[in-house]
Structures are given as C-alpha cells and as structure tokens.
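Working notes, beginning with the structure itself.
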Amino acid sequence: MSAPAAPTDRDRRRWAQYLVNERAEARVYRELAGRREGEERGILLSLAEAEGRHEAHWLSLLGGEPAKLPRPDVRTSLLGTMAKSFGSIFVLALAQNAEARSPYDDEPFATPTMAADEKVHHEVVRGLAARGRRRLSGTFRAAVFGANDGLVSNLALVMGIGATGASSQFVLFSGVAGLLAGALSMGAGEFVSVRSQRELLAATEPSDFADIALPHLDIDANELALVYRTRGMPEAEAAARARRVVEQAQALGRGRADSGPIDLVDHGEVVGSAWGAALSSFLFFASGAIIAVLPWIFGLSGLTAVVLALVLVGIALMSTGAAVGLLSGAPPLKRALRQLAIGFGAAAVTYVLGLLFGVSMG
C-alpha cells in the first residue's frame with residue numbers, strides 16, 4: 001500500500017506511533033529469545049522478524065526515518081520493562097492480550113497481511129504462554145490458593161472477633177491462633193492429598209510381581225496375554241507380546257525382575273513430594289494470614305488497626321488476583337477486583353455476625 005498523495009499530519013503521527021510500537025515489540029521478543037533455547041528461541045526470533053516487516057511498512061509510508069519519533073505507548077513500554085525484569089510467563093501473558101487488540105483491523109493504511117499476521121501472532125504467543133503456564137501451574141496454584149486462604153480466613157476471623165468488642169490482645173491472640181490452625185490444617189491436608197494420590201497412582205501401575213516366573217511359563221498356553229489385555233492392549237497384540245516376552249525370558253533363563261522392574265512410573269515426578277507440598281502449603285497460608293494481624297502485632301488497636309488490616313489485605317488480594325489474571329490471559333484488573341470483592345465480602349459477613357454476637361452478649 002502506498003502513502004496518500006498528501007498525508008495529513010495526523011496520519012503521519014499515527015504511522016510514527018505504529019513504527020515505534022513495532023520496534024519495541026520486536027525488542028521484547030528478542031529479549032525473551034535471549035533467555036530461551038531450542039524451539040522456543042526460534043519462535044520468538046521469528047516473531048521479532050515479523051514485527052520488523054511491519055516496521056518497514058510504516059517506515060516506507062513515512063518516507064524514511066522521521067526526525068522526531070514518539071515514545072512507545074504505555075502497554076508496549078510495560079512489556080519492554082517486564083521483559084528485562086520479570087519471567088517470560090508474565091510478559092507472554094501480557095503480549096497475548098496485546099496481540100489480541102491489534103489496531104490494524106481498522107487501519108486503512110495497514111495491509112490485510114499485517115492484520116492477519118497480528119491474529120496469528122496472538123495464537124503463537126498464546127501457545128508459548130500456555131507452555132509456561134503448564135510448567136508453573138502446580139507451584140503457582142499452591143502459592144495463590146494458600147496465600148488467598150490465609151488472607152481471607154484470617155481477615156474474616158479478626159474482623160469478626162474485633163466486632164464483638166474484644167480487647168486488642170484477644171484479637172491478636174485469635175489471629176495468631178487462626179494463622180497456626182489454618183496453616184497446619186493446609187499443610188496436613190496437602191500432605192494427605194499428595195500421599196494418597198501417589199498411593200493411588202502406584203496401585204494402578206503395572207508391577208513386576210510375576211516377572212520371576214516368566215521363564216517357567218508354557219509358551220503356547222499361558223495367561224500372560226491376559227495381563228496385557230487388562231492394561232488396554234488389543235487381544236491379538238497382547239498374545240503376540242506375551243509370546244515374545246516368554247521367549248526372551250526363556251532364552252535368558254531369568255525373569256525381568258532379575259534385571260530390575262520396568263514400565264514403572266516415578267510418581268514423585270508427577271505429583272511431587274508430600275512433605276514438600278505440605279511445607280509449601282503451610283508457608284503460603286501463613287504468609288497470607290500474617291498480613292491480616294500485622295497491625296495488632298505492631299501494637300495498633302481499634303479502628304486504626306482495622307482500617308490498616310483492610311488496606312494491607314486488600315493490596316495483597318488485588319496483587320494475587322492480578323497475577324492470576326495475567327497468567328490466565330484475562331484482564332488483570334477484573335480478576336483483582338473480583339478477588340478483592342470475595343475477600344472483603346467474607347470479612348463483612350463475619351464482622352456483622354461479630355457485631356450481633358457482641359450485642360447479644362452485652
């Protein structure tokens with residue numbers, strides 16, 4: 001597409017903004033590529049190259065490098081800053097949203113190819129972000145759920161106790177007791193959950209119990225094929241495999257158990273360590289729960305302590321909500337406000353119940 005015979009100043013300003021944004025996005029992808037290897041590195045460099053083609057388009061329309069260029073927009077600048085300072089998963093999640101809001105669909109001087117490129121870029125970045133989410137999902141889930149449970153439950157507890165008119169010392173004691181009880185409960189629950197999952201998976205996996213008997217089976221009449229059929233193998237394939245295994249065992253004169261079990265899964269890699277999960281849950285819950293009682297720990301009381309607790313917990317809730325939004329590709333502000341509403345809603349309910357209880361006791 002060629003430039004109009006007499007582009008307006010507004011046109012040129014818009015083209016210049018597109019130019020600097022494309023350059024900044026290309027730098028983001030190159031920055032991320034520098035931290036990756038193999039296939040992901042190649043994909044990110046290809047994205048940077050595509051942004052370079054878009055940059056060349058706007059440069060051509062402008063008739064060369066302008067004497068003065070604007071700064072990249074806030075969104076693109078934020079991506080650049082995060083690419084240098086944070087992990088790629090957060091940057092890719094932001095880039096996914098950015099690519100989905102391309103202005104080229106309504107830009108008369110952008111080619112159809114450029115608009116199509118941006119849609120494809122969105123899917124590419126989404127795929128890269130999904131890889132990162134899968135790698136992060138287990139740890140991140142435990143961290144967010146544990147911290148949020150601590151934040152919400154302990155804020156609700158101290159609000160309810162405080163509303164009864166109890167002394168500051170009693171509120172502090174209740175908050176610390178709630179922290180320990182909740183953290184221990186989370187840790188114990190996670191330990192039981194992971195241990196049970198490991199035992200369940202181990203019970204469903206093939207074992208080497210009968211391996212030592214393999215050399216003594218009748219090659220033409222045995223039930224080994226039934227073992228493979230119970231594992232989902234078709235009848236003909238199971239029979240062929242059973243015959244092959246027995247022949248190999250008889251040729252060696254020993255069972256597979258002599259050389260160590262095979263086809264077994266290390267469930268520690270799948271579900272993690274039960275003790276590690278328990279300790280993580282304990283610490284994540286405690287880290288959230290302690291925020292709600294910080295004002296009382298530092299000697300504050302009354303309305304001042306309540307307001308400060310609400311502010312601190314509110315900031316923490318919005319931070320975790322925004323982080324979840326970023327990683328899931330959803331609007332971070334919406335998720336942050338939702339998290340805040342849930343936490344403060346629970347606190348409001350217990351506060352009202354505490355007031356009612358305090359009045360009835362009075």
Side-chain angles (χ1 to χ4, degrees), residues 33 36-47 88-89 92-93 96 119-145 189-278 280-281 327-329:
R36 288 286 180 265
E37 297 178 353
E39 185 181 30
E40 289 191 12
R41 176 183 174 86
I43 292 171
L44 289 165
L45 290 176
S46 295
L47 287 174
S88 60
I89 177 61
L92 288 171
Q96 175 185 330
K119 288 182 170 57
V120 174
H121 291 179
H122 170 71
E123 290 303 313
V124 173
V125 173
R126 181 179 180 180
L128 289 174
R131 290 186 177 190
R133 291 185 186 110
R134 284 191 292 270
R135 289 192 293 264
L136 189 62
S137 59
T139 303
F140 182 74
R141 171 188 168 278
V144 171
F145 287 174
E190 197 69 21
F191 180 88
V192 171
S193 174
V194 172
R195 179 60 65 87
S196 299
Q197 189 176 2
R198 287 167 63 97
E199 292 170 351
L200 179 62
L201 288 172
T204 61
E205 285 298 321
S207 76
D208 61 348
F209 177 76
D211 284 1
I212 198 169
L214 293 179
H216 309 293
L217 292 176
D218 186 327
I219 195 168
D220 296 315
N222 65 74
E223 288 73 42
L224 185 57
L226 299 180
V227 174
Y228 295 123
R229 288 172 64 184
T230 65
R231 299 176 187 175
M233 193 175 291
E235 183 176 356
E237 185 179 346
R241 180 169 180 180
R243 186 177 185 87
R244 185 170 63 251
V245 167
V246 173
E247 287 176 344
Q248 292 173 350
Q250 290 179 348
L252 292 172
R254 56 189 175 88
R256 276 171 20 201
D258 293 334
S259 58
I262 64 173
D263 294 332
L264 301 180
V265 175
D266 180 6
H267 298 299
E269 295 182 1
V270 178
V271 298
S273 162
W275 283 109
S280 296
S281 293
L327 290 176
S328 63

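- Remark: E123 does not engage K119 in a salt bridge, criterion side-chain N to carboxylate O under 4.0 Å.
- A278 pairs by the side-chain contact (heavy atoms from CB on, under 4.5 Å) definition with F191, not counting sequence neighbours.
- With sequence neighbours left out, the side-chain contact (heavy atoms from CB on, under 4.5 Å) criterion links E237 to M233, P234.
- Taking the side-chain contact (heavy atoms from CB on, under 4.5 Å) definition, one finds that E39 meets it with I43, R131, sequence neighbours left out.
- Here the CZ atom belonging to R244 is positioned 6.5 Å from the CZ atom belonging to R241, to the nearest 0.5 angstrom.
- Scanning both residues, A33 and R41, for their nearest heavy atoms gives O-NH1, 2.9 Å.
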